[in-house]
Amino acid sequence: MNTYDEIIQLALERGFYFPSSELYSDANAGFWEYGPNGARMKNKFLDLWRRELVRRDNMLEIDGSQIMSKNVFKASGHLTNFTDPIVKCKKCSSSFRADKLILEVAKIEVSEGLENENVDDLILQNNIKCPLCKGEISKSERFNMMFKIEIGPNRDEAYLRPETCQSIFVDFSRLFKVSRGKLPLGIAQVGKSFRNEISPRQGLLRLREFYQAEIEIFCNPAKLNDLNKYDEIKNTLLRFYDTRIVELSVEEALEQKILPNKLVAYYLALLVEFFDKTGIDKKRTRLRRLSDQEKAFYSTVAFDFEVDTSIGWLELVACNYRSDYDLKSHSVTSKTNLEVMDDDTKVLPHVFELSLGVDRCIYSVLEHSYFIDRQNDDRVVLKLRPYLSPIHAGVLPLIKKQEFKDKASKLLSNIRKDFDVFYDESGSIGRRYRRLEEIGTPFAFTIDHQTLEDDTVTVRFRDSMNQERVKIDEAHSFLSKQLFTLS
RNA sequence: GCGACGGUCGUCCAGUUUGGUCUAGGACAUCAGAUUGCCAAUCUGGUAACCCGGGUUCAAAUCCCGGCCGUCGCACCA
């Protein structure tokens, strides 16, 4: 069994995540839900993201609507660009990307934005048949990846957002004013996005409904190298991938023109430092600069932050320099001037974005934390960083006798409001330790015979299996210290 | 979306070839009780499944059709 299968089995057995609507047989693919352990872990992951990015850089966080009007996506380009021309074979009903088919058969380069009629003409003129069965090709259709919905009794057209950032762009003008913002300004948002993927697969890795944590940095394009906080990160090591992975400091990468400017460098470094604290192995990550073909339609410079997993390299964060693409087109479509003052000059800000896929990150953290301890009867240990663990500590009376339970209650009441704790009195103590470490619980407090004498409990460490004693009254400060030490 | 293969307790698997004691079996997990008490102990008992719909048949987990889901390949993945 490979690691991917082991993770999905753990996720199902321990309630990290599982398919949505699984009670019914018409449940659609691409929808998964987080159970209690997954939800706790996701919340903690996002807390860390807030700590290391949003608060560190004094960004603003908003929470926007998931349903947005048609004009938003007209302006954003998604209505025209987020769509592919599809043709089908009338005989075997295989479907093909029309632009790819024309390129392949007739060697004619066509834009995917080409009108349907022109696509049909090209197919007719070049006598293109189905490559599989030589059947006749149908007229082309558009498949838009956005979910279209209807609003109110008039059934007004609207869409579920395919990325969270559009509300940040649409709200930018107000946010800049009400928060007395100054460029560069980061605006962040966590929320659901929706894409009607053709074939969602592999659990959390390709979803139709998924969480993004996005950051849009609004900046003055004339001042991309004018950044005081640059010194904080100039020595941070980044791993770039082209044909092989090269590790360079931010400063070196700027000198070698791998990074275009200090602003992009600064935020990529913040991102990498954040991931260092998630427990994802830095040696199995890379920043990959995208070629022109791979880049999104709005992007001028793009890096993907990728992580190596048992099923290959996985894109976790898309880092795009979107220039003024978004604000300009929203400005034109809405007929509103979205320029702001930066010192004495009026500028239409440019945008650098860090668009993070939360669900993929959760999977990656799980996979990089998954450990089978061959030294100790192959016990399964999820070596999550303590602050990401769904349960911070277990509370276990060694014996099911009342005086042990009373001490356990006392300990629980000291810590349960500030920490996620799990009380367990069923089964042998060893079995209870194993159950806790399988979901990543870093500490277990055991109420034993000595507790009755001196009010201390055993604290057992997940990774080393070592044991120490702490006073019941000091368990709270013990946990605080352990959990806030971000290594 | 196409093609190949598959879908049985929470998990993994047996049973399908050749329809009939399958009233669906096992292991692990889980729950209760007993016993024990610092690293998956033991015993007893329990909970718990044939993906959904239709068809063939005296009889369907088993055969047929459709749908859904999964794995792999192609395609897709702004």
Side-chain angles (χ1 to χ4, degrees), chain A residues 1-2 4-6 8-15 18-31 35 73 76-84 86-89 91-97 100-101 104 112-113 130-133 135 141 143-146 162-163 165 193 195-203 205-208 290 293-299 302 311 314-315 318 320 322 355 357 360 373 376-380 396-401 404 425-438 444 446-450 457-460 462 465-467:
Chain A
M1 188 150 68
N2 67 29
Y4 174 80
D5 293 325
E6 286 170 332
I8 190 117
Q9 186 172 328
L10 181 70
L12 291 171
E13 283 181 351
R14 296 303 189 179
F18 43 83
S20 177
S21 310
E22 61 178 339
L23 205 49
Y24 291 100
S25 62
D26 64 345
N28 299 109
F31 299 91
F73 301 109
S76 74
H78 284 89
L79 272 177
T80 48
N81 289 318
F82 207 58
T83 160
D84 297 323
I86 302 279
V87 290
K88 288 188 177 176
C89 169
K91 198 167 141 197
C92 70
S93 67
S94 302
S95 60
F96 306 94
R97 277 274 299 268
K100 298 254 167 116
L101 191 65
E104 202 175 293
E112 59 180 40
C130 172
L132 298 180
C133 75
E141 291 168 20
F143 179 73
N144 195 299
M145 303 255 294
M146 285 195 293
E163 53 180 13
C165 60
S193 291
R195 295 179 195 177
N196 202 353
E197 294 285 352
I198 294 172
S199 65
R201 273 179 198 182
Q202 291 179 315
L205 303 185
R206 170 98 59 86
L207 297 164
R208 286 183 165 135
L290 300 187
Q293 284 86 31
E294 288 178 296
K295 283 185 312 201
F297 58 85
Y298 44 68
S299 185
I311 50 174
L314 197 62
E315 174 194 339
N320 293 302
R322 300 175 73 123
S355 172
R360 290 175 165 199
D373 186 353
N376 293 286
D377 352 290
D378 294 352
R379 68 183 181 130
V380 171
L396 318 173
L398 188 62
I399 307 177
K400 261 191 210 177
K401 286 185 180 158
F404 287 74
E425 59 176 38
S426 116
S428 77
I429 194 68
R431 180 186 294 256
R432 283 179 274 166
Y433 289 148
R434 298 291 161 93
R435 280 193 290 229
L436 285 170
E437 61 204 14
E438 196 182 1
T446 305
I447 290 86
D448 51 25
H449 294 97
Q450 197 180 328
V457 293
T458 299
V459 53
R460 183 255 194 192
R462 173 193 69 198
M465 298 169 71
N466 288 342
Q467 303 194 342

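Quick note on labels: first sequence line is chain A, next is B, and so on, each numbered from 1. The analysis underlying the following values was restricted to heavy atoms, covering all of them including side chains, and did not include hydrogens, waters or symmetry mates.
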Using purine N1 to pyrimidine N3 plus N6-O4 or O6-N4 for Watson-Crick, or N1-O2 and O6-N3 for G-U wobble, both under 3.5 Å, which nucleotide pairs with [N]?
N: C69(B); value: G6(B)
N: U57(B); value: none
N: C74(B); value: G1(B)
N: A41(B); value: none
N: U18(B); value: none

Residue whose nearest RNA chain B nucleotide is more 5′ - Thr446(A) or Gln202(A): Thr446(A)
5′-ward residue of the pair Pro200(A)/Ser355(A) relative to RNA chain B: Pro200(A)
Specify the separation, in whole Å, of atom [atom1] of [X] and atom [atom2] of [N].
X: Arg201(A); N: C69(B); atom1: CZ; atom2: C1'; value: 12 Å
X: Tyr24(A); N: G67(B); atom1: OH; atom2: C1'; value: 17 Å
X: Ile447(A); N: G37(B); atom1: CD1; atom2: C1'; value: 14 Å

Base versus backbone protein contacts along nucleotides 39-44 of chain B [heavy-atom cut-off under 4.0 Å; B, S, -]: BBS---
Side-chain donor/acceptor of Arg206(A) to base of G70(B), under 3.5 Å: no
Sugar-phosphate, base or nothing in reach of Pro19(A), heavy atoms under 4.0 Å: nothing
Sugar-phosphate, base or nothing in reach of Gly427(A), heavy atoms under 4.0 Å: base
By salt bridge (charged side-chain N to carboxylate O under 4.0 Å, His left out) - contacts of Arg360(A) (at least two apart): none
